[in-house]
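A short write-up of the structure that comes next.
Sequence lines set the chain letters: A, B, ... in the order given, protein chains first and strands last, and positions in each chain run from 1.
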Protein chains: 2
Amino acid sequence: MRNLFHETLDSLTADLAGMCGRASELMQTASAALLSGDLSGADRVAADLKDLTTLGHAVHERAYGLLALQAPVAHDLRVVVSALYIAADADRMGALASHVARAARRRHPDPPVPAEVHDLFADMAVTAVDLADLVRSTVESGSPERARLVCEGDARMNDLHRELFARLIEPRWQHGAAAAADLVLVGRYYERFADHAVEIARRVYFQVTGEQLSGGGDTAGG
Amino acid sequence: MRNLFHETLDSLTADLAGMCGRASELMQTASAALLSGDLSGADRVAADLKDLTTLGHAVHERAYGLLALQAPVAHDLRVVVSALYIAADADRMGALASHVARAARRRHPDPPVPAEVHDLFADMAVTAVDLADLVRSTVESGSPERARLVCEGDARMNDLHRELFARLIEPRWQHGAAAAADLVLVGRYYERFADHAVEIARRVYFQVTGEQLSGGGDTAGG
């Protein structure tokens, strides 16, 4: 039988999915600014990030309230504690998107991304937004298959990040150390964005199956 | 009156402080490898990181057990939930130290850090290790003054990171885009290490005072 407690859990899950959806939108807007050099969207990202953070605080307070007032155990406790972590990861995804937007602004009026690596950043942007959408539907559905797809998307992001690094350090790189330093950081933001999506997917997977999902995660540098 | 529950909380706090201490040691070892180019220490970091992660899992399980079996409320609940976050932050600090060690190895047999920025990385290393030690004693003591000092140390780290970026993008930078790209990432690892120390300090501060500690946190890029 569903009771008030479980209805609150359901709405918590809906809010977590909503946070992932907002992180996706933030990354979409930030990436469009980065790839086009049009800053009108970049300026919106900071305000939208505040909304995401506010939602995160609300989720945190609600999860906290459930722990304090309902003292859940077993599976229910796992869901509530997971919610605390998932909210933090989704909030961090939003922060990383805002870093991408700030990088776009920092490089203005130069085109933020030179032609030689434009395709790579376009791929990273699509991969990041797809991952955030996929993790939103993973949270919503609790589907272990989708959680596994998030890990696959992260593997693709790691490949793109390695390829970026390789291109930036080629002798024929013509845009100097400043652009390389900037762009490697932006690449790192995308990579970490994907890592946090994986963290969320892993938590959902564990919640549903009781087993650990292998693969994914932070690969240093390069 | 102290009871078994509070004894478990005390040992949880001791373990969290221990995790911060280990993160400090990891960063000390990784930084020595980075600054000297001697890789013998760098190889130890991966193994030591596993110990830290294992300790983190143990803390997580214990905190979880307290939630499930004791259903703490009010201040006690805050302490237990904070422990979950602090363990995750300290574990991440260790991971970032291991990234520094891997960067030292990746640049081998070149000296990992060219002379022009050696002083900066030496300062970042000292600042990072001091911050981790300070946050260890903040966790141990619950001192709001120490928590504030952690934020000050983080501000210093942000200054160093900005200065690093400025030097890497100077026209007289002679080591090319590859070294710049590598080193800006290493700088980012130090900066994020400090950010996680701040996160821990903020949680302790809130736990003790009921107020938010302002200042500190992630500053994008540059």
Side-chain angles (χ1 to χ4, degrees), chain A residues 60 63-65 67-74 76-78 80-81 84-85 88-89 92 95-107 164-189 191-192 199 217-222, chain B residues 60 63-65 67-74 76-78 80-81 84-85 88-89 92 95-103 105-107 164-189 191-192 195 199 217-222:
Chain A
H60 183 94
Y64 217 83
L67 289 175
L69 300 173
Q70 307 282 343
V73 294
D76 292 341
L77 174 59
R78 211 176 342 177
V80 177
V81 172
L84 293 171
Y85 287 116
D89 279 312
R92 186 76 198 139
L96 288 161
S98 84
H99 288 4
V100 170
R102 280 205 257 175
R105 205 177 301 116
R106 196 167 59 234
R107 296 198 51 74
L164 170 67
F165 204 80
R167 285 203 211 166
L168 295 177
I169 68 175
E170 273 176 5
R172 65 195 165 96
W173 174 255
Q174 294 294 328
H175 303 276
D182 250 340
L183 294 172
V184 80
L185 274 182
V186 178
R188 176 81 182 157
Y189 302 148
E191 195 215 352
R192 290 296 298 156
E199 286 296 312
D218 179 19
T219 55
Chain B
H60 183 95
Y64 216 84
L67 289 174
L69 301 173
Q70 308 281 346
V73 294
D76 291 341
L77 175 60
R78 213 178 336 178
V80 177
V81 171
L84 292 170
Y85 287 115
D89 280 311
R92 187 74 199 140
L96 289 161
S98 85
H99 289 3
V100 170
R102 280 205 257 175
R105 206 179 296 117
R106 196 167 61 233
R107 297 199 49 75
L164 170 68
F165 204 81
R167 285 204 211 165
L168 294 177
I169 69 176
E170 273 174 7
R172 65 193 164 97
W173 174 254
Q174 295 296 327
H175 303 276
D182 251 340
L183 293 173
V184 80
L185 275 182
V186 177
R188 176 81 181 155
Y189 303 147
E191 194 215 352
R192 290 296 297 155
D195 289 341
E199 286 297 312
D218 182 19
T219 55

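- Highest contact tally toward chain B, considering only A:L96, A:L69, A:L84, A:L168, is held by A:L84 [criterion: heavy-atom pairs under 4.5 Å].
- At a 4.5 Å heavy-atom cutoff, the contact between A:R192 and chain B is made by side-chain atoms alone.
- Atoms CZ and CZ, on B:R106 and A:F165 in that order, are 5.0 Å from each other to the nearest 0.5 Å.
- If you measure heavy-atom distances from A:A181 to chain B, the contacts under 4.5 Å come from both the backbone and the side chain.
- Looking at A:V81, A:V80, A:V73 one by one, the single match for side-chain contact (heavy atoms from CB on, under 4.5 Å) with B:L67 turns out to be A:V81.
- Per-residue counts of heavy-atom pairs under 4.5 Å with chain B were compared for A:H175, A:R78, A:E170; the largest is that of A:R78.
- Contact annotation for B:A68: both backbone and side-chain heavy atoms come within less than 4.5 Å of a heavy atom of chain A.
- When heavy atoms are compared at a cutoff of 4.5 Å, A:L183 does not approach chain B at all.
- Of all heavy-atom pairs spanning A:L77 and B:Y64, the tightest one is C-OH, 3.6 Å.
- In plain terms, the two heavy atoms of B:G176 and A:A177 that are nearest each other are O-CB, 4.1 Å.
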